[in-house]
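When a residue number appears, it is its place in the shown sequence, counting from 1.
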Amino acid sequence: TGTGLSCNLNGASTTYTCYTGGQIEDGEYAISNTSAGFNTGWHATMEDHTEGDTNGRMLFVNADIPVGEFYRRTISLNVNTDYSFSAWITTVYDTDSFICQGNSVPSNVRFRIEDMMGNIIEETVTGDIANGPDPDWQEFFISFNTGANNDIQLVLSTTPLVDVGMTSPSMTSRYLT
């Protein structure tokens, strides 16, 4: 939580550049509690999905070509355990602004779980997340088993060129029987 802009991904890395002012350009990201002051055509005063939480931070991503990883983080977990990762995601383009003249590109985020050698343990995509006149926060999940791995890499990337707003990702453990 907090107010104002930040570049702190709390131990995660990215191939994107942190936003420093003006418009958030292709290939840039920002962390903020509001979209106020960001790009023309984006939802002007969007807050995170948590109702009443005015200081909840979000990761704003303006995708680029070629597609890059906007979030990669090593996470230590228990071996041979089922986990589920979730993130709340919405698009930031406001269709009422007509900046894209009816030709807006929907968001599509790829979730990938890798071992420390880069081998894919599990992967999924959100599918197209439509732009609209209001933010439409949706929760997306990926479930996986760590197998023999104590550490995994959580990787998020966009596919194709999209503008995304998302709240802080969360990892939960589910012990399935």
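- Taking 4.5 Å as the limit, some side-chain heavy atom of Tyr71 sits within range of a side-chain heavy atom of Leu154.
- When every heavy atom of Ile31 is checked against every heavy atom of Arg57, the shortest pair comes out as O-NH1, 3.6 Å.
- Ile121 has its side chain within reach of Ile152: a pair of non-hydrogen atoms, C-beta onward, lies under 4.5 Å apart.
- Within the structure, no pair that satisfies the disulfide bond (SG atoms under 2.5 Å apart) test touches residues 109-155, not counting sequence neighbours.
- Nearest approach of Met58 to Ser35, heavy atoms of both residues: CE-N, 4.5 Å.
- Taking the ring centroids of Phe38 and Tyr19, they lie under the 6.0 Å cut-off.
- Under a hydrophobic clustering in which Ile, Leu, Val, Met, Phe, Trp and Tyr are joined whenever their side-chain heavy atoms come within less than 4.5 Å, directly or via other members, Tyr16 and Val155 fall into different clusters.
- Shown here are the side chain to side chain donor-acceptor pair (under 3.5 Å) partners of Glu69, two or more places apart in sequence or in another chain: Arg72, Arg112.
- Here Thr17 pairs with nothing under the side chain to side chain donor-acceptor pair (under 3.5 Å) rule; sequence neighbours left out.
- Hydrophobic clustering keeps Ile113 apart from Val125 (ILVMFWY residues linked when any side-chain heavy atoms are closer than 4.5 Å, directly or through intermediates).
- Side-chain contact between Val109 and Ile89 is present, with heavy atoms from C-beta onward closer than 4.5 Å.
- The minimum heavy-atom distance linking Thr91 with Gly132 is given by the pair OG1-N, 4.3 Å.
- Both Leu77 and Phe111 are part of a single hydrophobic cluster, where members link through side-chain heavy atoms under 4.5 Å apart.
- Note that OG1 of Thr34 and CD of Glu47 are 6.0 Å apart. Values are rounded to the nearest 0.5 Å.
- Considering CD of Glu123 and CZ of Arg110, their distance stands at 4.5 Å, rounded to 0.5 Å.
- In this structure, the ring of Phe141 has its center no less than 6.0 angstrom from the ring center of Phe85.
- Under the side chain to side chain donor-acceptor pair (under 3.5 Å) criterion, Asn150 pairs with no residue at all, not counting sequence neighbours.
- In this structure, the side-chain contact (heavy atoms from CB on, under 4.5 Å) partners of Thr40, at least two apart in sequence or on a different chain, are Gln23, Ile99.
- Val92 places a side-chain heavy atom less than 4.5 Å from the side chain of Met46.
- Between Tyr29 and Leu9, some side-chain heavy-atom pair lies under the 4.5 Å cut-off.
- In this structure the side chain of Gln138 reaches within 4.5 angstrom of the side chain of Ile129, judged on heavy atoms.
- Applying the disulfide bond (SG atoms under 2.5 Å apart) rule to pairs touching residues 9-90 yields Cys7-Cys18, sequence neighbours excluded.
- Trp42 is listed as a side-chain neighbour of Ile24, based on a closest heavy-atom distance under 4.5 Å.
- In terms of modelled atom types and a separation under 3.5 Å, the side chain of Thr146 and the main chain of Asn78 share a donor-acceptor contact.
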